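Order of the sequence lines sets the chain letters (A, B, ...), proteins ahead of strands, with each chain counted from 1. None of these values were measured; they are calculated from a predicted model.
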Amino acid sequence: RKEVEQDPGPFNVPEGATVAFNCTYSNSASQSFFWYRQDCRKEPKLLMSVYSSGNEDGRFTAQLNRASQYISLLIRDSKLSDSATYLCVVNLEKSSGDKLTFGTGTRLAVRP
Amino acid sequence: NAGVTQTPKFRVLKTGQSMTLLCAQDMNHEYMYWYRQDPGMGLRLIHYSVGEGTTAKGEVPDGYNVSRLKKQNFLLGLESAAPSQTSVYFCASSSSGAATQETQYFGPGTRLLVL
């Protein structure tokens, strides 16, 4: 089992649709959780951190389910500009200290 | 404020050649990281540094060396390049460690092709 696992997609949705991605992680002691966005041939950029109580930033909502060891990202009212790869990122355990583990990403394509 | 910069942006090497990738950050960050990204593999940590003068191995350190002589710079060296090192290399920095929910800021990447 991969340490951080994502469905690679692609998710192909029309503008205005709601789309959700899930990501599972292997270690129940994981401490920090993030969603990063990566555009084609560009560097990853932080989209949002994921907090235990769940958090929202505009059209984006992130949830953490520690019992089932997954995090989710919900995008409402999809825009063409949301087309990108979304990376699930986890600090897996205390002993890994300063290291993050990246999922392979889920590709989203929003069509007109 | 340039953030994180990387040089060069693109390089072609022959097998056995050496090169150094330079990463610079102007955010006074303590932590710096080198990753490689390959299709279907996600980003994998090569080496990282928690402060000036310190380095540590990541997930895939073999064939690479690093140095952090100045806080703002983190160098990644390939002593004898191999085709398996063809990849996109990203540098990142953060003000504190990954366990603190602190953001890592990435440079634009270096595309390396080893023939």
Side-chain angles (χ1 to χ4, degrees), chain A residues 2-10 21 23-27 29-55 57 62 64 71 84-107, chain B residues 2-6 9-10 21 23 25 27 29-51 54-61 68 74 87-112:
Chain A
K2 287 184 182 175
E3 292 181 308
V4 177
E5 199 149 8
Q6 298 181 249
D7 181 343
F21 310 135
C23 163
T24 57
Y25 58 94
S26 60
N27 192 317
S30 298
Q31 296 186 309
S32 306
F33 308 89
F34 310 85
W35 284 102
Y36 275 71
R37 171 195 168 127
Q38 186 173 24
D39 293 299
C40 188
R41 301 178 74 83
K42 298 285 190 181
E43 72 272 24
K45 291 183 179 177
L46 179 71
L47 177 66
M48 58 197 303
S49 298
V50 186
Y51 300 107
S52 296
S53 55
N55 46 299
D57 182 3
L64 167 63
I71 66 173
T85 297
Y86 291 84
L87 307 176
C88 172
V89 185
V90 179
N91 170 239
L92 280 176
E93 57 189 306
K94 234 176 189 175
S95 62
S96 72
D98 305 301
K99 293 177 282 187
L100 295 176
T101 300
F102 287 75
T104 54
T106 298
R107 196 152 60 89
Chain B
V4 181
T5 57
Q6 292 182 233
K9 287 185 170 49
F10 180 71
L21 283 67
C23 175
Q25 51 94 4
M27 296 176 281
H29 284 168
E30 290 292 337
Y31 293 70
M32 296 187 75
Y33 308 82
W34 275 109
Y35 295 91
R36 60 178 287 173
Q37 187 173 37
D38 304 292
M41 300 289 289
L43 280 98
R44 292 181 292 168
L45 183 65
I46 304 171
H47 287 280
Y48 65 103
S49 168
V50 302
T54 73
T55 63
K57 292 181 180 179
E59 183 186 352
V60 289
R68 183 102 182 265
F74 195 27
S87 189
V88 181
Y89 291 85
F90 287 102
C91 176
S93 72
S94 63
S95 58
S96 57
T100 64
Q101 202 83 28
E102 187 61 39
T103 305
Q104 287 189 11
Y105 296 88
F106 283 80
T110 294
R111 296 180 182 280
L112 177 65

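Note on A/Lys45, A/Lys42, A/Arg41: by heavy-atom pairs under 4.5 Å with chain B, the leading option is A/Arg41.
For the atom pair CD of A/Glu43 and CD of B/Gln37, the computed distance is 11.0 Å after rounding to the nearest 0.5 Å. To the nearest 0.5 Å, the span separating CZ on B/Phe106 from OH on A/Tyr36 amounts to 5.5 Å. With rounding to the nearest 0.5 Å, the separation of CG in B/Asp38 from OG1 in A/Thr104 is 12.5 Å.
Neither the backbone nor the side chain of B/Arg44 comes within less than 4.5 Å of any heavy atom of chain A. Using a 4.5 Å cut-off between heavy atoms, B/Glu59 makes no contact with chain A at all. Proximity to chain B is limited to the backbone of A/Val50, based on heavy atoms less than 4.5 angstrom apart. At a 4.5 Å heavy-atom cutoff, the contact between A/Gln38 and chain B is made by side-chain atoms alone.
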query: Is there a side chain to side chain contact (heavy atoms under 4.5 Å, CB included) between B/Tyr48 and A/Leu100 once you walk through the steps?
result: CA-CA 11 Å; B/Tyr48 65 103; A/Leu100 295 176; over 6 Å; no

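With a 6.0 Å radius and a threshold of 12 heavy atoms from other residues, nucleotides or ligands, B/Arg68 has its CZ atom above the threshold.
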